[in-house]
Amino acid sequence: MPELPEVETIRRYLSPVLRNRIIKNVVIRRNDAVGFPSSARFRQEARNARIYQISRKGKYLLFSLTSHKVLVIHLRLSGQLRITQADQVPKYERIRFILDNDSALSFIEPRVLGKVYLLKDSELSKIIPGLAQMGLEPIDHRFNTQYLAEKFIHRQAKVKTLLLDQKICAGVGNIYSDEALFYAGIMPIRPAGSLRRNEVKRLVIALRHIINKALRAMGTTMTDGRYLQPDGARGMFQYQLMVVGRESLPCYKCGKKIIRITISNRSSYYCPVCQH
DNA sequence: CTTGTGTCCTGTAGGC
DNA sequence: TGCCTACAGGACACAA
């Protein structure tokens, strides 16, 4: 699924395209793609609302509607958003927002893990607790050594696990955590609390650096093409990945083989020489 | 509170 | 071709 750079790229694409568009109708092809409220109420309440702003918090997209409600979309592992013309219905389309200009916003989600929600502001944190508890994003200027060191102190969990924790590093996922750890020269399995202050500092710089580079590259589209921009264009950061997806291939820095291990059921890639 | 594990759901790639 | 397994960018519930 998209991480911060992918979701932000999607937001930047959609923002001018959807601003002031009216949702004329909603076609719900899978009821379980609606997280809240019921699909019938979702459809009814989204109809005729105008989109006036699109923002992002971590990996959540937030569409502010004129009806004093927020349309929240989370793409999870395989969700996509596409702008489509009236006669185009993409495969795995779960929800279709028909707009007032003969185009549609298509929510595509093969695995049906990603969800859409329609909420009042006051309901946001209750229905989606992850939004309320969200930590700082690495591109936030308050995300500094002090912040991360405080989160890591006395923690035995692997540093990689804590990088994936949205309460700590909002927007970071499996790809950029590995890339940042490589850039910082830190082993993913290190207990987070064992990092010296200088290492935490390197990690803060690395996270910021990697995420900004990925943003400039419009995100990472792996060979499976699961992440695409709303017009179908691919991201470009896959060509700059240093460790992710490179098991047994030579490290670009030292030439030793990249290792893949499993950390909390997720693939993790690292260089056994460059990372300590 | 912390940590590790399993689960949600479906599709695809690769081995045999 | 068919069958089987492993894997997939996330988040959360649950048990210890």
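So that the names make sense, note that chain A is the first sequence line, chain B the second, and so on, each numbered from 1.
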* **Criterion salt bridge (Lys or Arg N to Asp or Glu O under 4.0 Å) on A:Lys59 and A:Glu3, from CA distance to verdict** => CA-CA 6 Å; A:Lys59 302 168 190 169; A:Glu3 305 178 28; 5.8 Å; no
* Working for salt bridge (Lys or Arg N to Asp or Glu O under 4.0 Å), residues A:Glu199 and A:Arg196 -> CA-CA 5 Å; A:Glu199 293 177 311; A:Arg196 290 171 292 123; 3.4 Å; yes
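Atom CZ in A:Arg266 sits roughly 14 Å away from atom P in B:dT5 (whole-Å rounding). In this entry the distance linking CD of A:Glu6 with P of C:dA8 reads 16 Å, nearest Å. Spacing between atom CD1 of A:Ile168 and atom P of B:dT3 amounts to 9 Å, rounded to whole angstrom units. Between A:Asn265 atom CG and C:dA11 atom P the separation is 16 Å, expressed in whole Å. At whole-Å resolution of the value, OH in A:Tyr60 and P in C:dA11 are 6 Å apart. If you measure from atom CZ of A:Arg155 to atom P of B:dT2, you get 5 Å, rounded to the nearest angstrom. Atom C1' of nucleotide C:dA8 and atom OH of A:Tyr227 are separated by 17 Å, given to the nearest angstrom. Rounding to whole angstrom units, CD of residue A:Glu109 and P of B:dT10 are separated by 10 Å.
Among the heavy atoms of the strands lying under 4.0 Å from A:Gln166 are primed sugar atoms or P, OP1, OP2 only; no base atom is included. A:Arg94 comes within 4.0 angstrom of no nucleic acid atom, judged by non-hydrogen atoms across all strands. Residue-level contact check: A:Tyr176 touches neither bases nor backbone, having no heavy atom under 4.0 Å from any strand.
With a cut-off of 3.5 Å on both pairing distances, C:dG9 has no Watson-Crick or G-U wobble partner at all. Across all strands shown, B:dG15 forms a Watson-Crick or G-U wobble pair with C:dC3, both key distances being under 3.5 Å.
Figure legend: cation-pi geometry between A:Arg11 and A:Phe63 absent, as NZ or CZ is not positioned both under 6.0 Å from the six-membered ring centre and within 45° of its axis. Cation-pi contact between A:Lys213 and A:Tyr176: absent, since separation from the ring centre below 6.0 Å together with deviation from the ring axis within 45° is not met.
Residue-environment remark: CG (A:Asp231) exceeds the threshold of 12 foreign heavy atoms within 6.0 Å.
Nucleotides B:dC9 and C:dA13 have their P atoms positioned 15 Å apart, rounded to a whole Å. Nucleotides B:dT3 and C:dG9 are separated by 23 Å at their P atoms, to the nearest Å.
Between B:dT10, B:dT3, C:dG9, one nucleotide has an atom nearer to the side chain of A:Asp224 than all others, and that is C:dG9. With C:dC12, C:dG9, B:dC9 as the candidates, the nucleotide lying closest to the side chain of A:Arg30 is B:dC9. Residue A:Arg226 places its side chain closer to C:dA8 than to any other of C:dA8, B:dT2, B:dC9. Which of B:dG11, B:dT3, B:dT10 sits closest to the side chain of A:Ala157 comes down to B:dT3. You'll find that the side chain of A:Asn174 is closest to C:dG9, out of B:dG4, B:dT12, C:dG9. In this structure, of B:dG11, B:dT3, C:dG10, it is B:dG11 that holds the atom nearest to the side chain of A:Pro110. Checked against B:dT5, B:dT3, C:dA8, the side chain of A:Tyr269 finds its nearest nucleotide in C:dA8.
A:Glu109 has no carboxylate O lying under 4.0 Å from a charged side-chain N of A:Arg94, or vice versa, which leaves the two without a salt bridge.
Using cut-offs of 30° and 60° on the angle between ring planes, the pair A:Tyr183 and A:His209 is parallel.
When the side-chain nitrogen and oxygen atoms of A:His74 are compared with OP1 and OP2 of C:dA11, one or more of them lie within a distance under 4.0 Å. Not one side-chain nitrogen or oxygen of A:Arg111 sits closer than 4.0 Å to the OP1 or OP2 atom of C:dA8. Residue A:Ser267 places at least one side-chain N or O closer than 4.0 Å to OP1 or OP2 of C:dA8. In terms of phosphate contacts, A:Arg260 brings a side-chain nitrogen or oxygen within less than 4.0 Å of OP1 or OP2 of C:dC7. For the pair A:Lys59 and C:dA11, the criterion of a side-chain N or O lying under 4.0 Å from OP1 or OP2 is met.
Where A:His154 and A:Lys91 meet DNA chain B, the nucleotide closest to each residue was compared, and A:His154 sits on the side nearer the 5' end.
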